[in-house]
Student: 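Next up is a structure, given as structure tokens.
Starting from 1, each residue takes its place in the sequence as its number.
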Amino acid sequence: MVVKKPLFTFIAVLLFIFSNAKTTNYQALEETVGKVSNSYKYIELTKRVVDNENFYVLKYQNLEYPQMKDLAYISFSANYDQLNNLYNEILKGSKMKKNDPVNYMTLGDGRMGVTRLASGQVRILYTENGSSVVKWTWLSKGQLKKIFGK
């Protein structure tokens, strides 16, 4: 019985070390650019660098209505200037008039639309290619800055 305890402890320590090593390695691969999470919505932009190319994932989900299952998962590649242009295009939505048409752009495997809501908020609409399902969320200017790490 005396021999089993040190062996068990040694195995437990090894498992702990290797499980933490995998977690640390994974976290080093993907970094969160910005995130907004409250009782109404969850929005996160993450970045992963592969072969010196930046790959981003924009995830969002409305949480206000539990019956809605509209998780958007938009993956795209962009350099710094392209990501900044995307931020500026979304920000333009806060300056649109209520009756202005939706501003559409191609992003990832679909089409993103940007329009204005009340009080300068921006509504983002996303439809994947070949789908008619529109996944949407909304952001204030401050939340948009936070998502893009500005």
Side-chain angles (χ1 to χ4, degrees), residues 11-150:
I11 292 172
V13 168
L14 283 177
L15 288 173
F16 178 77
I17 290 170
F18 286 117
S19 67
N20 280 343
K22 287 180 183 178
T23 303
T24 304
N25 189 22
Y26 178 76
Q27 289 173 346
L29 295 175
E30 185 174 275
E31 82 179 66
T32 298
V33 177
K35 180 166 80 170
V36 171
S37 181
N38 58 38
S39 57
Y40 297 108
K41 59 189 160 193
Y42 170 83
I43 307 167
E44 181 178 23
L45 180 64
T46 57
K47 173 183 170 184
R48 183 177 294 215
V49 179
V50 178
D51 295 331
N52 293 324
E53 188 172 356
N54 298 330
F55 291 94
Y56 294 90
V57 175
L58 176 63
K59 296 179 271 193
Y60 62 82
Q61 183 174 15
N62 293 335
L63 303 174
E64 189 172 7
Y65 304 103
Q67 67 273 22
M68 290 178 68
K69 304 291 184 212
D70 65 343
L71 175 66
Y73 188 89
I74 308 164
S75 57
F76 59 97
S77 65
N79 62 32
Y80 176 79
D81 290 336
Q82 292 167 328
L83 188 66
N84 199 40
N85 287 340
L86 176 61
Y87 167 79
N88 288 326
E89 286 299 313
I90 296 172
L91 184 61
K92 284 181 188 176
S94 68
K95 299 171 185 161
M96 295 172 75
K97 293 184 169 77
K98 288 185 181 181
N99 296 331
D100 285 347
V102 177
N103 179 22
Y104 285 102
M105 65 193 92
T106 300
L107 184 65
D109 292 331
R111 195 166 87 145
M112 177 182 275
V114 177
T115 188
R116 180 182 181 268
L117 286 176
S119 305
Q121 292 182 334
V122 177
R123 179 184 298 161
I124 296 174
L125 312 158
Y126 189 76
T127 307
E128 293 176 356
N129 293 335
S131 174
S132 61
V133 177
V134 178
K135 298 174 181 179
W136 64 276
T137 193
W138 70 101
L139 294 161
S140 68
K141 289 181 195 177
Q143 290 171 334
L144 181 62
K145 280 182 165 183
K146 188 174 182 179
I147 295 297
F148 281 85
K150 304 249 179 219

Student: Check for a donor-acceptor pair, side chain of N38 on one end and backbone N or O of Y40 on the other, with a separation under 3.5 Å.
Tutor: yes
Student: Are D109 and F76 side-chain neighbours, meaning at least one heavy-atom pair lies under 4.5 Å?
Tutor: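 A side-chain contact is absent here, since even the closest heavy-atom pair is not under 4.5 Å.
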Student: Could you tell me whether the side chain of V133 reaches within less than 4.5 Å of the side chain of T127, counting heavy atoms only?
Tutor: no
Student: Are there over 12 heavy-atom neighbours, none belonging to K41, within less than 6.0 Å of that residue's NZ?
Tutor: yes
Student: In this structure, are over 12 heavy atoms from other groups packed under 6.0 Å from K145 atom NZ?
Tutor: no
Student: Are I74 and M112 close enough that some pair of their side-chain heavy atoms sits under 4.5 Å apart?
Tutor: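 In short, these two side chains touch, coming nearer than 4.5 Å.
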Student: Just how far is it from atom NZ of K35 to atom CD1 of I147, taken to the nearest 0.5 Å?
Tutor: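 So the NZ of K35 and the CD1 of I147 are separated by 9.5 Å.
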Student: Does a sphere of radius 6.0 Å around NZ in K59 hold more than 12 heavy atoms from other residues, nucleotides or ligands, not counting ones at 6.0 Å or beyond?
Tutor: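 Buried by this count: over 12 neighbours within 6.0 Å.
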Student: How long is the span from the CZ atom in R116 to the CZ atom in R123, to the nearest 0.5 Å?
Tutor: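 Going from CZ on R116 over to CZ on R123, the span is 11.5 Å.
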Student: Determine the minimum heavy-atom distance between P101 and M96, stating which atoms define it.
Tutor: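 Where P101 meets M96 most closely, the heavy atoms are O-CE, 3.0 Å.
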Student: Quick one: do the T32 and E44 side chains pair a donor with an acceptor below 3.5 Å?
Tutor: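 Per modelled atom types, T32 and E44 side chains form a pair under 3.5 Å.
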Student: Donor-acceptor check, side chain of Q143 to backbone of S140, threshold 3.5 angstrom: yes or no?
Tutor: yes
Student: Does a side-chain heavy-atom distance below 4.5 Å link M105 with E89?
Tutor: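 Contact flag for M105/E89 side chains = yes.
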Student: Hey, could you give me the CG/OH distance between L58 and Y126, rounded to the nearest 0.5 Å?
Tutor: 9.5 Å
Student: Quick one: are L144 and L91 in side-chain contact, heavy atoms under 4.5 Å?
Tutor: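 Yes, close enough: below the 4.5 Å cut-off.
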Student: With the side chain counted from C-beta on, respond yes when L139 and I124 share a heavy-atom pair under 4.5 Å apart, and no when they do not.
Tutor: yes
Student: If you measure from CD on E53 to CG on N79, what distance do you get to the nearest 0.5 Å?
Tutor: 9.5 Å
Student: Taking C-beta and beyond as the side chain, do Y60 and K135 meet within less than 4.5 Å on heavy atoms?
Tutor: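 Contact flag for Y60/K135 side chains = yes.
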Student: Are Y104 and V114 close enough that some pair of their side-chain heavy atoms sits under 4.5 Å apart?
Tutor: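 The answer is no; the side chains never approach within 4.5 Å.
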Student: Which heavy-atom pair separates G120 from S94 by the least distance, and what is that distance?
Tutor: O-CB, 3.0 Å
Student: Where do T115 and D100 come nearest, in terms of heavy atoms and distance?
Tutor: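 Scanning both residues, the minimum pair turns out to be OG1-O, 4.4 Å.
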